[in-house]
Amino acid sequence: MNYIYINGSSKVSIKYSEDNSKVEEVYIDDSLVEFEEEDKQDKLEYAIKTKRNKYQKFLNKQFENLIVLTGAGSSVGIGEKNKGRLLSHLWDDTKEKLGEEKLNHFCELVNYNSKDENGNYVKNLEKLLSIANAAKDFVASTKEINIPKTIKEIEKLIKSKCELVLPKDAPHHTFLEKITRRKVTLPRAKIFNLNYDTLFEQAGRKGNFTIIDGFSFSFPRYFSGRNFDYDIVLRDKSRLKEEDNFKKRVFHLYKPHGSVDWEKVKKDIIQSDNVKKALMIYPKDSKYESSYEQPFFEMMSRFQQNLRKDNILLICIGFSFNDKHIVTAIQEALEQNSGFQLMVINKGIDTSDNLKWLLELAHKHSNILLIDELFSDFAEQYPLLKSYNQDEYKRITINLNDTDGE
């Protein structure tokens with residue numbers, strides 16, 4: 001039985017044939033759906049439609065606080081030249097860059113021993129870099145392998161592979177259009193992006209959004225946590241109405257793991273299109289410790305603060321739940337905040353050991369939704385809330401049909 005939607009007692013699941021060629025049975029809320037023999041409706045299509053109807057109905061509620069947490073799933077496979085990569089893909093890139101022999105020698109030297117049943121190294125680049133960073137201070141380099149130099153070479157490769165160009169058909173613009181369609185009196189939608197790339201920034205600029213990302217609006221752009229406390233108000237209209245008139249199409253963007261366009265210059269953190277050394281927390285176990293340094297500490301503090309607010313929906317997209325410091329904050333919100341709701345969007349509902357706790361909770365409680373959906377499909381299916389006037393609604397509908405976003 002494969003679940004494609006779980007929300008307490010509300011569920012959608014499918015059962016494939018023995019050869020996995022077709023869906024034989026569909027279960028809605030654990031009850032078998034009876035299809036007439038003459039009914040030619042595709043069973044998989046029926047299940048997907050039911051799943052989407054369920055989560056669209058849920059999203060039609062206007063949550064006071066909307067938070068989005070995105071992982072690799074919002075970038076993988078997207079890009080004009082380079083395409084977003086998973087860590088397993090980056091392992092392959094490293095193997096191609098270094099050569100198989102050199103990579104194997106590097107693994108042996110730093111004592112990376114994770115192998116599969118065939119004797120091949122497990123493609124866990126995060127674990128490899130963690131071990132290598134620990135080993136570099138007490139394991140001597142060889143003539144063939146310089147450990148610190150090889151680590152830097154791998155990190156440089158990771159950065160280059162994350163320098164993505166937003167394609168015209170990327171779902172980011174559509175998604176931004178929809179999540180920012182909120183009453184302007186409500187808190188701005190907030191995106192916490194764990195990826196290093198700038199796909200959301202590119203989509204925001206292309207769609208004429210205002211991005212509050214912690215950096216100053218003056219150039220060069222300097223980082224300060226207080227910039228997240230600012231908002232954009234149209235002053236002339238505010239004076240006429242004697243009330244705040246907040247600008248539309250504004251969202252907050254936080255990057256807890258850094259970005260390819262961030263750089264530390266002396267004591268300042270700046271944003272630039274041409275950085276010499278990107279300020280990023282590279283994949284390794286010490287990500288948790290690094291999150292206590294600026295600007296990462298500011299990002300994590302804001303994440304924790306937002307999860308404690310009332311009437312909040314957190315949408316996790318393409319997040320593996322492997323980052324201890326992020327998962328701990330989410331678990332705390334589930335335990336302590338009665339107004340907290342969690343929606344998890346991933347390709348397949350993960351049943352692995354590290355997510356067993358979440359799967360069990362989703363079967364029992366209605367404040368957790370697990371959904372089998374790609375980011376591109378979720379962005380397309382996300383309901384278009386009619387919170388603006390009719391002219392604004394027509395304009396945005398036209399924009400969504402324009403792949404150039406103009």
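- Judged purely by distance below 3.5 Å, without hydrogens or angles, the side chains of Asp261 and Thr198 never pair a donor atom with an acceptor atom.
- Between Arg221 and Asp213 the shortest side-chain heavy-atom distance falls below 4.5 Å.
- One finds the CD1 atom of Ile281 at 6.0 Å from the NE2 atom of His325 (value rounded to the nearest 0.5 Å).
- Here Phe340 contributes atom CZ and Asn311 contributes atom CG; the two are 12.0 Å apart, rounded to the nearest 0.5 Å.
- The structure places CD1 of Ile330 at 5.5 Å from CG of Leu69, a figure rounded to the nearest 0.5 Å.
- In this structure, CG on Leu355 lies 8.0 Å from OG on Ser320, to the nearest 0.5 angstrom.
- Asp19 and Ser17 are linked by a side-chain donor-acceptor pair at a separation below 3.5 angstrom, with hydrogens and angles left out of the test.
- Remark: the Asn195 side chain and the Asn193 side chain contain an N/O donor-acceptor pair separated by less than 3.5 Å.
- His363 and Tyr3 have their aromatic ring centers within a separation under 6.0 angstrom.
- Between Phe58 and Phe63, the ring planes are tilted. Angles from 30° to 60° get that label.
- Summarising the geometry, atom OG belonging to Ser13 is positioned 9.5 Å from atom CG belonging to Asp29; distances are rounded to the nearest 0.5 Å.
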Derivation of the salt bridge (Lys or Arg N to Asp or Glu O under 4.0 Å) call for Lys149 and Glu153: CA-CA 6 Å; Lys149 186 177 179 181; Glu153 196 173 351; over 6 Å; no
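- Tyr5 is not listed as a side-chain neighbour of Arg52, based on a closest heavy-atom distance of 4.5 Å or more.
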Chi angles and distances behind the salt bridge (Lys or Arg N to Asp or Glu O under 4.0 Å) call for Arg302, Asp229: CA-CA 11 Å; Arg302 297 279 174 167; Asp229 297 324; 2.9 Å; yes
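- Taking the six-membered ring for Trp and thresholds of 30 and 60 degrees, Phe303 and Phe192 have ring planes more than 60 degrees apart, a perpendicular arrangement.
- The aromatic rings of Phe321 and Trp357 sit perpendicular to each other, their planes meeting at more than 60°, with 30° as the lower class boundary.
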Pair Phe375-His172, side chain to side chain contact (heavy atoms under 4.5 Å, CB included): steps then yes or no: CA-CA 9 Å; Phe375 173 51; His172 298 72; 3.9 Å; yes
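- You'll find the side chain of Pro171 stays beyond 4.5 Å of the side chain of Glu380, heavy atoms only.
- Taken from CE in Met299 to CG in Leu194, the straight-line distance is 11.5 Å, to the nearest 0.5 Å.
- Residues meeting the side-chain hydrogen bond (donor to acceptor under 3.5 Å, both in side chains) test with Glu155, sequence neighbours left out: none.
- A cation-pi contact links Arg249 to Phe209, judged by a cut-off of 6.0 Å to the six-membered ring centre and 45° from its axis.
- Shortest non-hydrogen contact noted between Val260 and Val275 is O-CG2, 3.2 Å.
- Inter-residue side-chain proximity for Tyr112 and Val122 is flagged as met; some heavy-atom pair is nearer than 4.5 Å.
- In terms of modelled atom types and a separation under 3.5 Å, the side chain of Lys178 and the main chain of Ala379 share a donor-acceptor contact.
- Centroid-to-centroid, the aromatic rings of Phe251 and Phe200 stay 6.0 Å apart or farther.
- Residues forming a side-chain contact (heavy atoms from CB on, under 4.5 Å) with Ala47 (at least two apart in sequence, or on another chain): Ile4, Val12, Ile14, Val26.
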Chi angles and distances behind the salt bridge (Lys or Arg N to Asp or Glu O under 4.0 Å) call for Glu201, Lys255: CA-CA 11 Å; Glu201 291 95 317; Lys255 304 187 80 171; 3.0 Å; yes
Lys49 vs Asp42, salt bridge (Lys or Arg N to Asp or Glu O under 4.0 Å): CA-CA, chis, key distance, verdict: CA-CA 11 Å; Lys49 183 177 179 180; Asp42 184 272; over 6 Å; no
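- Heavy atoms only, all atoms of each residue included: Ile232 and Arg188 are closest at O-NH2, 3.6 Å.
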Verdict with reasoning, Asn354 to Asn322, per side-chain hydrogen bond (donor to acceptor under 3.5 Å, both in side chains): CA-CA 8 Å; Asn354 69 317; Asn322 283 328; 2.8 Å; yes
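- The shortest side-chain heavy-atom distance between Leu307 and Glu332 does not fall under the 4.5 Å cut-off.
- For the pairing with Phe215, the ring pair (Phe, Tyr, Trp, His ring centres under 6.0 Å) check across Tyr222, Phe228, Trp262 returns one residue only, Trp262.
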